[in-house]
Asker: 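Take a look at the following structure, please.
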Amino acid sequence: MDTQLKDLDDTTLVAAVGRSDERALQELYDRHAPAVYGLARRVLVDADRAEEVVQEVFLRLWNEPEKFDPARGKLRSFLNRQAHSRAVERVRSEEARRRREERHDRENVGPSYDVEIEAWQLIRSELVKEALDELSEAERQAISLAYFGGHTYREVAVMLDLPEGTIKSRIRLGLNKLADKLEATGLGARQ
Amino acid sequence: MTDGDDLQQIGNDADDLDGLLGAYVLDALDDDERRRVEEYLAHSPAARAEVDRLTDSFDLVVAEDAPEMTPRAELWDRIAVSLPPRTDRLPQNPERAEPAEPVETPQGTDTTEVADAGGDELGTRRAARARRTTSTTTRIIVSIAAAVIVVLVGLTVVRQSTTRTSSLAAQIQRDADAAANAPGSKTFTLTGESDASVKVVVDASGRGFVSPDGLPALDEGSTYQLWSVDNGTPVSLGILGSDPGLTVVATGPDLSSMAITAEPAGGSPAPTSSIVVSGTLT
């Protein structure tokens, strides 16, 4: 009868989770955990910590299924946002700890550009690549450091030694360019 | 400060907050700024629309640049054993509240609201959880849940799904309305000796929308349960609660007859009471 669960859409399954249906949660886990885990690994790298994020995300879905509003978008996006937010919390708390520990040695607390260098290398979709090509290198860098590096725009500004306003603008402008391009190609528009 | 100054200040704030929308989409704000942006979004449809649009397109990029990876197989087991027992949770409907003590349920049928009875492995895990010592935190949660139940009963603000999952309930209502008018849907009308009349609309994908009308509320220790009775052997299609509202269950597309019985809370692997209502395809 599990084939029946597989036939149900995400919204119906979340409603079943609201009725404490564990098998509905497991079906949602089977569908979405690989994406949630992939994103958590992308930000955190470490497998154990990424799994902690996955666990938190699905536990929260179990405890607060009403937080998912189907009118606001797909469940995958909702879960990814939660995963990213939790991954970033970990990055930031670790950075804060490291800064405290290394306060006496500020010069060595330079930014890591690994994230920025690695970003976008995995993209296979030509449409997404073309959309990213619309961005200037500076916009790509700001978005990548903020999202995949888990930094606030203020931190990115410090890392790049640029005014905060410049980074804010680059991020917003870059994201709008992505949206324009992807919508023009038929992707990106809601529903 | 004059009114004009106030308006200008509000305009400046909005400009500042608009400037943060991109960083908000990327989770790149500090906590204070994020709160300000979220307050702003609640009142600015244009800003909300921009955030939704940027989020949708950036999701596509994320999906590409953070490809899916399979977590270790044991992760689900870790999650499953960490789930609070269902008795810790706020009920959708006060009448569906169950006793605060963990309840051993028969053969894993307590979560059969979507699928039918079964799942021995889950039953075992759930029983293991139920045997765990109740922690202080759990007791506090149960106390809070009990308090909420009392308040809800007091206010008689009772309608299934509207307490915990109002937006989902709205979505299910829309789906139910759509199913009722869809060409491939089938309708069952279940009746019995009472005035109750339960309509079940099964759409082409096999989702069944159960609209109970006139089923009397049961006591807290009981639940209505829906069965298919096609082949002589009743198969559970889901538990409906003690005072059910609109509920969606997975029925499969090929049923021809259904029945509802009253069962102990958590449901039964097979009916233990006489049929309350039953019916066939109409």
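These figures come from a predicted structure and were not determined experimentally. Each chain gets a letter, A, B and so on, in the order its sequence line appears, and its residues count up from 1.
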Asker: Given heavy-atom pairs under 4.5 angstrom as the criterion, report whether the side chain, backbone, both or neither of A:S77 touches chain B.
Answerer: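 When you check distances to chain B, atoms from both the backbone and side chain of A:S77 fall under 4.5 Å.
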Asker: Counting heavy-atom pairs closer than 4.5 Å to chain B, which one of A:R170, A:E51, A:H32 comes out on top?
Answerer: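 The residue among A:R170, A:E51, A:H32 with the greatest pair count is A:E51.
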Asker: Should A:D9 and B:R207 count as an ion pair when the cut-off is N to O under 4.0 Å?
Answerer: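 Judged by the 4.0 Å cut-off on N to carboxylate O distance, A:D9 and B:R207 do form a salt bridge.
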Asker: Give the minimum heavy-atom separation between A:Y153 and B:A23, together with the two atoms involved.
Answerer: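 Minimum heavy-atom contact is CD2-CB, 4.0 Å.
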Asker: Are any of the side-chain heavy atoms of A:P34 and B:M69 separated by less than 4.5 Å?
Answerer: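 No, side chains not in contact.
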Asker: For the CG atom of B:L29 and the CZ atom of A:R154, what is their distance to the nearest 0.5 Å?
Answerer: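 Going from the CG atom of B:L29 to the CZ atom of A:R154 covers 8.5 Å.
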Asker: When only pairs under 4.5 Å are counted, which of B:V62, B:L21, B:D175 shares the most heavy-atom pairs with chain A?
Answerer: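 Most pairs with chain A among the choices: B:V62.
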Asker: Quick check against the 3.5 Å criterion: does B:R78 have a side-chain atom that pairs as donor or acceptor with the backbone of A:E52?
Answerer: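 No: the side chain of B:R78 does not pair with the backbone of A:E52.
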Asker: Does the side chain of B:D30 pick up a donor-acceptor pair with the side chain of A:T152 at under 3.5 Å?
Answerer: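 Distance-only check fails for B:D30 and A:T152.
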Asker: Under a 4.5 Å heavy-atom cut-off, does chain B meet the side chain of A:L173, its backbone, both or neither?
Answerer: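 Neither part.
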Asker: Does a side-chain heavy-atom distance below 4.5 Å link A:R81 with B:T55?
Answerer: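 Of all side-chain heavy-atom pairs linking B:T55 with A:R81, at least one is under 4.5 Å.
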Asker: The test is salt bridge (charged side-chain N to carboxylate O under 4.0 Å, His left out); show your working for B:E68 and A:R76 and say whether it passes.
Answerer: CA-CA 12 Å; B:E68 296 190 3; A:R76 172 68 60 90; 3.1 Å; yes
Asker: Hey, does A:L175 have a side-chain heavy atom less than 4.5 Å from the side chain of B:S57?
Answerer: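 No, too far: nothing below the 4.5 Å cut-off.
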Asker: Can you tell me how the ring of B:F58 sits relative to the ring of A:F148, calling it parallel under 30°, perpendicular over 60° and tilted otherwise?
Answerer: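 The rings of B:F58 and A:F148 sit tilted, inter-plane angle from 30° to 60°.
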Asker: Where is the tightest heavy-atom contact between A:K168 and B:L20, given as atom of each residue plus distance?
Answerer: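 That closest heavy-atom pairing would be CD-CD2, 3.2 Å.
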Asker: Closest approach of A:R92 and B:A28, non-hydrogen atoms and distance?
Answerer: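 So the minimum-distance heavy-atom pair works out to NH2-CA, 3.6 Å.
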Asker: Scan for ring pair (Phe, Tyr, Trp, His ring centres under 6.0 Å) pairs involving residues 9-30 of chain A, sequence neighbours excluded, and state none if there are none.
Answerer: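 Ring pair (Phe, Tyr, Trp, His ring centres under 6.0 Å) check on residues 9-30 of chain A returns A:Y29-A:F58, A:Y29-B:W76.
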Asker: When heavy-atom pairs shorter than 4.5 Å are enumerated against chain B, which of A:G165, A:S85, A:A47, A:A131 gives the highest number?
Answerer: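 It is A:S85.
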Asker: Does CG in A:D161 sit with more than 12 non-hydrogen atoms of other residues, nucleotides or ligands closer than 6.0 Å?
Answerer: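 At most 12 heavy atoms, drawn from other residues, nucleotides or ligands, come within 6.0 Å of this atom.
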Asker: Quick one: of A:L178, A:L39, A:I167, A:N176, who has the most non-hydrogen atom pairs under 4.5 Å with chain B?
Answerer: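 Counting heavy-atom pairs under 4.5 Å, the top option is A:N176.
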Asker: Tell me, do A:Q26 and B:I79 make a side-chain contact under 4.5 Å, heavy atoms counted?
Answerer: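 Not touching, per the 4.5 Å side-chain cut-off.
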Asker: Would you say that B:V25 contacts A:R172 through its side chain, given a criterion of any heavy-atom pair below 4.5 Å between the two side chains?
Answerer: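 No, every pair of side-chain atoms sits at 4.5 Å or beyond.
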Asker: Please report the shortest heavy-atom distance between B:L54 and A:A179, naming the atom on each side.
Answerer: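 Scanning both residues, the minimum pair turns out to be CD2-CB, 4.1 Å.
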Asker: Salt bridge (charged side-chain N to carboxylate O under 4.0 Å, His left out) for A:D48 and B:R72? Distances and angles first, verdict last.
Answerer: CA-CA 10 Å; A:D48 289 339; B:R72 281 175 288 198; 2.6 Å; yes
Asker: Mind listing the closest non-hydrogen atom pair of B:D27 and A:V88 along with its distance?
Answerer: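 It is O-CG1, 4.3 Å.
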Asker: Minimum heavy-atom separation for B:L26 and A:H84, please, with both atom names.
Answerer: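 Shortest heavy-atom separation between B:L26 and A:H84 comes out as O-CE1, 3.3 Å.
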